[in-house]
Amino acid sequence: MRIATWNVNSIRARQDRVSALLERENLDVLAIQETKCRPEQFPYEPFTAAGYEVAVHGANQWNGVAIISRVGLEDVQRDFPAQPAYANPGKEPVVEPRALSATCGGVQVFSLYVPNGRELSHPHYRYKLSWLENLRKYASSLLEEDPQAQLALMGDWNIAPFDQDVWDMQVFAGATHVSKPERDAFFAFEAAGLTEVTRDLFDGYTFWDYKQLRFPRNEGMRIDFAYCSPALAQRIQTAEPLREERKGKGASDHVPVILEVAP
DNA sequence: ATGACTTGGACACCAAGA
């Protein structure tokens, strides 16, 4: 089975590329982030016509996640238990559409768009940390219920866990994505018994900013990951970032990361 | 070339991204 994650930065702007990816890479399941649309705006037809089912979670032009599968799509869950809400200045707190899970081909696949954090002193940063903590607690509870669970927590984690995951640590001094609390929150998933399965299977980045020639200069970040339960981690055979997808007109700023899962 | 941001809303600027 071939499972992938990709922050597409608008599904309406990227639908052609997503459809082409599914076919070219022979994907069974694709978890996408930053769909940036309400459910009724999602372009379902090209995917259903190609034999896929689609589960979406979206509210407006911000955030939004979806799962596209041709190996079943059961037990769809929007949000996770105790998922923190975020209050924009002067507004009521809202649980944003950043998490979606479904069982596909016997694997509980999560499509996750971890909050950005914005600045270390910003309320969004505290929101990011509590969001990660509660997600980790939920993942722990799933593993506790069933140590043999097949779990894949895939998505845009918005954290560069190691210094080599950004092109220049000096550029990120005092910035989000590299701070110790964020990295601690990331590695807490390892402590909870999950394994980030892409780390040992490739080197390099998964994101390059649109600005300042970041891609041609290969000034990127590695922030897209897949945390898997023990029973699933042992089935992962390969993990590959598709750098080709960052090229040309109409590219997302992230590239897909594809996992090959043994039967 | 892999090339100097991109997206979507209500808009002709702005928020947000990382």
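Note that these values count all heavy atoms, side chains included, but never hydrogens, waters or copies made by symmetry. The structure displayed is predicted, hence computed values, not measured ones.
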| query | So, A:Y125 versus A:H122, ring centres under 6.0 angstrom or not? | reply | no

So what does A:W62 touch, heavy atoms closer than 4.0 Å: a base, only the sugar-phosphate, or nothing? base

- Query: Centroid-to-centroid, A:F187 to A:F162, below 6.0 Å?
  - Reply: yes

- [ ] Compute both the distance and the angle, then confirm whether A:R222 meets the cation-pi test with A:F202: under 6.0 Å from the six-membered ring centre, within 45 degrees of the axis.
- [x] yes

Worksheet item: Reckon A:Y205 touches a base, only the sugar-phosphate, or nothing at all at heavy-atom distances under 4.0 Å?
Response: nothing

* What integer number of Å spans the P atoms of B:dG9 and B:dA4? -> 25 Å

- Query: Does one side chain, of A:D156 or A:Q33, offer a donor that lies under 3.5 Å from an acceptor on the other?
  - Reply: no

Item to complete: Identify whether any heavy atom of A:G117 sits under 4.0 Å from a base atom; if not, whether one sits that close to sugar-phosphate; answer base, sugar-phosphate or nothing.
Response: nothing

How would you label the contact of A:N7 with the nucleic acid (heavy atoms, under 4.0 Å): base, sugar-phosphate, or nothing? sugar-phosphate

Of A:S10 and A:H254, the one whose nearest nucleotide on DNA chain B sits closer to the 5' end is A:S10

How would you label the contact of A:R12 with the nucleic acid (heavy atoms, under 4.0 Å): base, sugar-phosphate, or nothing? sugar-phosphate

### Message
What's A:D209 touching, base or sugar-phosphate or nothing? Going by heavy atoms closer than 4.0 Å.
### Response
nothing

In the 5' to 3' direction, the nucleotides of DNA chain B bounding the stretch that comes under 4.0 Å of a heavy atom in chain A are B:dT2 to B:dA18

| task | Classify the nucleic acid contact of A:E119 as base, sugar-phosphate or nothing, counting any heavy atom under 4.0 Å across all strands shown. | result | nothing

Does this structure show an ion pair linking A:D163 with A:R183, if we count only N-O contacts that are shorter than 4.0 Å? yes

| message | Under 4.0 Å, counting only non-hydrogen atoms across every strand here, what does A:T176 touch: a base, just sugar-phosphate, or nothing? | response | nothing

Distance between the P atoms of B:dA10 and B:dC5, in whole angstroms? 26 Å

Practice problem: Between B:dA18 and B:dT7, how far apart are the P atoms? Round to whole Å, please. | Solution: 14 Å

Q) So what does A:R246 hit on the nucleic acid, given a heavy-atom distance under 4.0 Å: a base, only sugar-phosphate, or nothing? A) nothing

### Query
Looking only at atom C1', what distance separates B:dG3 and B:dG8, rounded to whole Å?
25 Å

Taking for A:N158 and for A:N218 the nucleotide of DNA chain B with the nearest heavy atom, the one nearer the 5' end belongs to A:N218

- Task: Under 4.0 Å between any heavy atoms, over every strand shown, what does A:E244 touch: base, sugar-phosphate, or nothing? Just pick one.
- Result: nothing

message: Applying a 4.0 Å non-hydrogen cut-off, can you work out what A:F172 is touching in the nucleic acid: base, sugar-phosphate, or nothing?
response: nothing

Residues passing the salt bridge (charged side-chain N to carboxylate O under 4.0 Å, His left out) test with A:E144, sequence neighbours excluded, are none

Tested for ring-ring contact (aromatic ring centres under 6.0 Å, His included) against A:W157, the lone hit among A:Y227, A:Y113, A:F207, A:F225 is A:Y227

(message) Please classify the nucleic acid contact of A:R14 as base, sugar-phosphate, or nothing, using heavy-atom distances under 4.0 Å.
(response) sugar-phosphate

Quick one: do A:Y210 and A:F215 satisfy ring pair (Phe, Tyr, Trp, His ring centres under 6.0 Å)? Show the steps, please.
-> CA-CA 8 Å; A:Y210 287 124; A:F215 185 56; over 10 Å; no

_Distance, P atom - from B:dA12 to B:dT6, rounded to whole angstrom_ = 22 Å

Review point. How would you label the contact of A:D224 with the nucleic acid (heavy atoms, under 4.0 Å): base, sugar-phosphate, or nothing?
Key: nothing

